[in-house]
Amino acid sequence: MAEAADIQGTGPSPARRWLRRTITVAVGAPLLAGLLQAPAATTRASAAEDATGSKTVDVSLDTLAPSAPVEGDTVTVTGTVTNRSKKTVTGATVELSVGPRMTSRSEIERVAGRTGYRGDSDPAPLQDTPEIKIPQLGAGLSADFSLSVPVSELGLDEAGVYQLGVSLTGQTSDRRYDRVLGIERTFVPYQPEATEKKTQLTYLWPLISSAHVSAETATDDQQTPVFEDDALATELKPGGRLDQLVSLGKDLPVTWVVDPDLLASVDAMANGYQVKDGTLHVPGKNQAVAEAWLGALEKAVQGHKVVALPFADPDVASLAHRGKDVPGSLGHLQSATALAGTTVETVLHVQPSTDFAWPANGAVDPSILAVATSAGADKVIARSDSVRDDLSYTPTAARPFGDGSTTAVVSDALLSTAFEGDMVRTENSTLAVQEFLAQSLAITLEQPEDQRSIVVAPQRVPSISQAQTMATALRGLSAKRWSQPSDLLAAAAAKPDPDASTTVPSSSRYPKKLRDSELPVQAFRDMKTTRDELDDFKVILTAQDRVVTPFGNAISREMSTSWRGQARAAALYRINVLEYLQTLTEGVQLVDKSDLTLSGRSATIPVTVQNKLLQDVHLVLRLTSDNKHRLKLNGDGVAELPVKISGGHSQSVKFTASANVNGQVPMTAQLYTEDGTPYGQPMTFTVKVSEITATVMLVIAGGVLLLVLAGVRMYSQRKRVAARNAAAEAAAGPEETDPEPGADAEADTAPEAAEAPSEEPDADEPEQPSDLTPDTGPESGGPSGPGEKVDR
């Protein structure tokens, strides 16, 4: 940037010499009036030198047309004067003044920064030109004005930049003499004929927004994206910020600089989206708005150069200063760069350039340059307040940087920051446009014999009013009398100025304000945590893209430059992404199991795995016995089985167990990925071994046999007694006779003795051994109940 660049051919014209003589005479008038103690009104020239009270009235310039007049034009200035004091202003006059031709860009900057009237530098009002009379202006009141003057009466003798002043001269109740009570200055760029060598001017038109899409997607096959809010729709609607950028930019000679994430987000909206509403997701209602905006943008960029930043516009300065030492961080920049071109080409059907890096505010140092170029960019958009040239003129923007492998495109700081701040006020917008045009003409007139290439890189996210002001300024250059439009690719390829600086600024020169707004180291640690959990999660999935793509894009958004100055919002976004990922990973888990009782030498132990995801997963389930001498699994203390579970289902995995000794055995179940990485939390439960021996079984079997034999004897005895009684009754007939003495006793005794069973088993009867313990049968896949026993 030229700090003090003289414009060629600045000798004073006859009209200027006359004006200077007039000012010299006017300087002595108030001094003489003071010596003579004369408070009466002095001449207008003497009052113009009295700076006291020159901020009493605020002079606001609303329009200046044409902004770059030529011979034959009439310059019209409109505005408002407002009495800021508590006293009434009387006898006021609004007039125009034109200063001498500016000789450098730095002089334009100094004049733009002045407030209040200065007798040593502000010229006297133009003579014989229209003026506005305001007899009285009460405290706090305002009055509009409009002044029109032919260019021929402005005293613009030759091409150059001139100061144009609008002042109000009047009196107040405490000082009854004329003096300048308010003034506003602007600039008139005057170049009636086209210059031989025109400055090549490249203007970047940024199409960038903040992150709006979350990592969440709907459960449908299309994976409908879920937005954090519907604020993006507000920007896209007619009259919104992004709508205005497209509407204005389509008719301007600009290079579009696009964040691919913005295009992907709007494209997602156009195909159907959902919006977070508390804990719910509601359908988005602005599909048509998104579709119309994309259609308008696709038409607007036709025939223009398009530069695609890495996906989500990552903050390369934060990455260089805070994140490069966190493993994996640089990899996200590389993937974001790789994604940029395909996204823009898919959505806009144009081939963008992807080899430009744009650090915040164009501030660079060695570490930023190294990180910016690590992902493949060989061109860096810097700014002249970072890369300073010790020259008396403004050099061409492009130059080799560092070792020469990188091209620095150094944008002009004054032009790039011309439209920052509040452009809603018409006065601010008008003054910004006139200063921009004046600075651009001054660049051309610094070395009119040499053509140079200048780049303007404005703020990343201009407001509506800022964008409108930028468009007005570019239209002011449409006559192409001292500049002609170019594009960023041509600017980067321009022949460098041999005297321009090629030294990379040191880290100590990086602005503290920018460093303080960078993403903290913790932000990159959070990204690593999310990335590591995603890597562990994706290996169990059968449809990895359904998870990897939305989360990968979300991590890229976490690095966005748009988070500068929004530390809390950035942290909340990172937390939401990580928590949602953890919710998904916890959807595949072991179902809690109660303690088991194992009765017998062998059994099967079921462990249930649940999959709440919408896709199949594959893992390995490992069951470990903490006491393999008491209870073994498949003949060892550890057993593993592969598990493949369909989406939305549970599966019971059964392990064969064998017991050796009674007692309690702690068990641990743990899921693993197929590469041996633990997945989720382990589950513990206890198996109580209670074996029934063969001897105990024989005793029980013998007792059962005795009970059976006793039952048979009792049944047979009752049957025989009943039969004998029946036979006796039949033999007696109708005439009953007494039996012989002693016969009944013999009959009763003999059969009874014959039927009495022996207390000892018959020696010839075979012994009944107890049955062998059978294997445990299959068990339900559901969780075990309290005190559950394994089935035998």
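Quick caveat, the model's predicted, so the values are computed rather than measured.
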Distance check, rounded to the nearest 0.5 Å: Asn576 atom CG versus Leu581 atom CG?
12.5 Å
With a 4.5 Å limit on heavy-atom distance, are the side chains of Val409 and Thr202 in contact?
no
For the side chain of Asp229 and the backbone of Ala231, is there at least one donor-acceptor N/O pair under 3.5 Å apart?
yes
In terms of heavy-atom contacts, Asp526 and Arg574 come closest through OD2-NE, 3.3 Å
Over 12 non-hydrogen atoms of neighbours within 6.0 angstrom of NZ in Lys305:
no
Residue list, side chain to side chain donor-acceptor pair (under 3.5 Å) with Lys528, at least two apart or on another chain:
Asp532
Would you please name every residue forming a side chain to side chain contact (heavy atoms under 4.5 Å, CB included) with Asp277, sequence neighbours left out?
Val282
Determine whether Arg509 and Asp365 make a side-chain contact, defined as any pair of heavy atoms from C-beta on separated by less than 4.5 Å.
no
I'd like to check Thr354 versus Val344 (side-chain heavy atoms, cut-off strictly below 4.5 Å). Are they in contact?
no
Among residues two or more places apart or on two chains, list those pairs meeting ring-ring contact (aromatic ring centres under 6.0 Å, His included) that have a residue in residues 358-382.
none
Give a yes or no answer on whether the side chain of Ser560 reaches the backbone of Ser556 with a donor-acceptor pair at less than 3.5 Å.
no
With sequence neighbours excluded, residues passing side chain to side chain donor-acceptor pair (under 3.5 Å) with Thr406
none
Please give me the minimum heavy-atom distance between His304 and Leu252, naming the atom from each residue.
CE1-O, 3.0 Å
I'd like to know if the side chain of Ser209 pairs up with that of Glu235 as donor and acceptor (distance under 3.5 Å, no hydrogens or angles considered).
yes
Can you find a pair of side-chain heavy atoms, one from Met470 and one from Phe436, that are under 4.5 Å apart?
no
Kindly say whether Ala382 contributes a backbone atom to a donor-acceptor pair with the side chain of Ser411 at under 3.5 angstrom?
yes
Contacts of type ring-ring contact (aromatic ring centres under 6.0 Å, His included), residue Tyr573, not counting sequence neighbours:
Trp563
Reported CD1-to-CG distance for the pair Ile645 and Leu613, which is rounded to 0.5 angstrom:
9.5 Å
Of all pairs that satisfy ring-ring contact (aromatic ring centres under 6.0 Å, His included), the ones with a partner from residues 510-537, not counting sequence neighbours:
His321-Tyr510
Between Ser214 and Val226, is there a donor-acceptor pair closer than 3.5 Å when you use the side chain of the first and the backbone of the second?
yes
Can you find a pair of side-chain heavy atoms, one from Glu228 and one from His212, that are under 4.5 Å apart?
no
Side chain to side chain contact (heavy atoms under 4.5 Å, CB included) between Lys250 and Val246, intermediate numbers included
CA-CA 6 Å; Lys250 65 183 177 64; Val246 173; 5.5 Å; no
Nearest heavy-atom neighbours spanning Ser562 and Ser210
OG-CA, 3.7 Å
Where do Thr417 and Asn361 land on the side chain to side chain contact (heavy atoms under 4.5 Å, CB included) test, with the steps shown first?
CA-CA 9 Å; Thr417 59; Asn361 288 16; over 6 Å; no
How many angstroms lie between atom OG1 of Thr503 and atom CZ of Arg399, to the nearest 0.5 angstrom?
10.0 Å
So Pro550 and Glu216, do their side chains get closer than 4.5 Å, heavy atoms only?
no
Quick one: does any side-chain atom of Gln287 pair with a main-chain N or O of Ala270 as donor and acceptor, under 3.5 Å?
yes
Side-chain donor/acceptor of Arg525 to backbone N/O of Val326, under 3.5 Å
no
What is the minimum heavy-atom distance between Pro206 and Pro458, and which atoms define it?
CD-CG, 4.0 Å
Before giving the answer on side chain to side chain donor-acceptor pair (under 3.5 Å), spell out for Glu558 and His332 the whole-Å C-alpha distance, their side-chain angles and the decisive distance to 0.1 Å.
CA-CA 10 Å; Glu558 293 176 2; His332 282 293; over 6 Å; no
Which pair of non-hydrogen atoms, one from Pro260 and one from Thr343, has the smallest distance, and what is that distance?
O-CG2, 3.5 Å
Student check: side-chain heavy atoms of Val521 and Asp325 closer than 4.5 Å
no
Once you round to the nearest 0.5 Å, how far does CZ of Arg515 lie from OG of Ser318?
10.0 Å
Short question: side chain of His649, backbone of Gly647 - any donor-acceptor pair under 3.5 Å?
yes
For Asp487, what residues pass the side chain to side chain donor-acceptor pair (under 3.5 Å) criterion, not counting sequence neighbours?
none
Would you please name every residue forming a ring-ring contact (aromatic ring centres under 6.0 Å, His included) with Tyr580, sequence neighbours left out?
Phe551
So, for Ala492 and Thr407, which heavy atoms are closest and what is the spacing to 0.1 Å?
O-CG2, 3.8 Å
Donor-acceptor pair, side chain of Tyr273 and main chain of Asn286, under 3.5 angstrom:
yes
Any chance you could measure Leu671, atom CG, to Thr673, atom OG1, to the nearest 0.5 Å?
10.0 Å
Just jot down the ring-ring contact (aromatic ring centres under 6.0 Å, His included) partners of Phe356, sequence neighbours excluded, or say none.
none
Heavy-atom side-chain proximity of Met559 to Ser329 below 4.5 angstrom
no
Between the OG1 atom in Thr668 and the CG atom in Leu623, the distance rounded to the nearest 0.5 Å is 8.0 Å
Verify, without hydrogens or angle tests, whether Asn611 (side chain) and Val588 (backbone) share a donor-acceptor contact under 3.5 angstrom.
no
Crowded around Gln589 CD? As in, over 12 foreign heavy atoms under 6.0 Å?
yes
Using the side chain to side chain donor-acceptor pair (under 3.5 Å) criterion, which residues pair with Tyr679? Sequence neighbours excluded.
none
For Gln544, what residues pass the side chain to side chain contact (heavy atoms under 4.5 Å, CB included) criterion, not counting sequence neighbours?
Lys538, Leu541, Val548
One pair to check against side chain to side chain contact (heavy atoms under 4.5 Å, CB included): Glu298 and Val350. What are the steps and the verdict?
CA-CA 8 Å; Glu298 185 176 352; Val350 296; over 6 Å; no
With sequence neighbours excluded, residues passing ring-ring contact (aromatic ring centres under 6.0 Å, His included) with Phe401:
none
Test side chain to side chain contact (heavy atoms under 4.5 Å, CB included) on Val577 and Arg557 and set out the steps.
CA-CA 10 Å; Val577 171; Arg557 295 183 185 107; over 6 Å; no
Does Gln244 use its side chain to pair, donor to acceptor, with the backbone of Gln468 at less than 3.5 Å?
no
Taking 4.0 angstrom as the limit, do Lys512 and Asp516 come out as a salt bridge?
yes
